[in-house]
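So you know, we letter chains A, B, ... as the sequences are listed, proteins then strands, and number each from 1.
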There are 2 protein chains.
Amino acid sequence: MSLAQIESFVTVAETGNVSRAAERLRIAQPALSRQIRSLEDELGAPLFARTSRGMRLLEAGERFLQHARQILAAVAAAKCAVSERPSA
Amino acid sequence: MSLAQIESFVTVAETGNVSRAAERLRIAQPALSRQIRSLEDELGAPLFARTSRGMRLLEAGERFLQHARQILAAVAAAKCAVSERPSA
DNA sequence: CATGCTTACGGATCACGTAACCATG
DNA sequence: CATGGTTACGTGATCCGTAAGCATG
């Protein structure tokens, strides 16, 4: 599991659409599709249902989404923490 | 920034020693040294002071460490969340 | 000269983008 | 046939381990 995969997952969850998410992330659609697939493989369970109109979050995906957002927030905070002035 | 880098950082911080941390992580010492270096490069600031006896956390490193542990904990929680039973 | 971090280098793996493919409405 | 996800494939980048280098006490 990589941070890129986690960010990809959140973006697909928010757009409900791999194509649009790929635009937002500035990567090609197949690359994003692969990232989602490999994330699901690693977790051992699908996170999305593939419908004819896009990607719909499953329950496992909803649960994962909450933690995914926490992870990204913690990463952002970690980056900020390094550049804080020492006295803070 | 990758999760592997974050785990590497925490292990080096805990051991104060790249060599010992590499053993614990089951990777070669130069690989670990590179991960730490590239993490510092990306963050734009050193996290450790290189002493003749090993690695000592700097203030920026101490601040980063707290968030790094949060990130790893959130990742572990995310993995668990996927396999929880749906009713939970 | 023992300990410990870093740099050089070659090779394997990974991850991307383009192109082709398949399914649905 | 338009939309949207997946598979195939070749290539460029990444990352590892071994080996050599460098600093310190």
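- Rounded to whole Å, atom C1' of C:dT18 lies 10 Å from atom CZ of A:R34.
- For the pair A:R53 and A:P30, nearest-nucleotide mapping onto DNA chain C gives the more 5' position to A:P30.
- A salt bridge links A:R69 with A:E14: the distance from a Lys NZ or Arg NE/NH1/NH2 to an Asp or Glu carboxylate oxygen falls below 4.0 Å.
- Taking only side-chain atoms of A:A28, from C-beta outward, the nucleotide of C:dC5, C:dT6, C:dG17 with the closest atom is C:dG17.
- In this structure, A:M55 places its CE atom 15 Å from P of C:dT24, rounding to the nearest Å.
- Atom CD of B:Q35 and atom C1' of C:dT6 are 15 Å apart (whole Å).
- Contacts of B:R37 with the nucleic acid, taken as non-hydrogen atoms under 4.0 Å apart, involve only primed sugar atoms and P, OP1 or OP2.
- A:I27 has its CD1 atom 14 Å from the C1' atom of C:dC14, to the nearest Å.
- In this structure, B:T51 does not reach the C:dG4 phosphate: none of its side-chain N or O atoms is under 4.0 Å from OP1 or OP2.
- As a whole-Å value, the separation of A:Q29 CD from C:dA15 P is 18 Å.
- Within 6.0 Å of CZ on A:R53 lie no more than 12 heavy atoms contributed by other residues, nucleotides or ligands.
- At least one side-chain heavy atom of B:E59 sits under 4.5 Å from a side-chain heavy atom of B:R63.
- Scanning all heavy atoms of the two residues, the minimum distance from B:A74 to A:I71 falls at CB-CG1, 3.5 Å.
- Ring geometry for A:F48 versus A:F9: interplanar angle of 30 to 60°, hence tilted.
- Rounded to whole angstrom, the span from the CG atom of A:L25 across to the P atom of C:dC16 amounts to 11 Å.
- For C:dC5, neither phosphate oxygen OP1 nor OP2 lies less than 4.0 angstrom from any side-chain nitrogen or oxygen of B:S33.
- Look at B:N17 and you won't find any side-chain N or O under 4.0 angstrom from OP1 or OP2 of C:dT3.
- Atom CD of B:E40 and atom CD of B:Q35 lie 12.5 Å apart (nearest 0.5 Å).
- Rounded to a whole Å, the CD1 atom of B:I36 is 15 Å from the C1' atom of C:dG4.
- If you walk DNA chain D from 5' to 3' and mark each nucleotide with an atom closer than 4.0 Å to a heavy atom of chain B, the marks span D:dC16 to D:dG25.
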Evaluation steps, side-chain contact (heavy atoms from CB on, under 4.5 Å), between B:M55 and B:I36: CA-CA 11 Å; B:M55 311 278 277; B:I36 300 296; 4.3 Å; yes

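- Regarding contacts with the backbone of C:dT6, a side-chain N or O of B:R50 is found under 4.0 angstrom from either OP1 or OP2.
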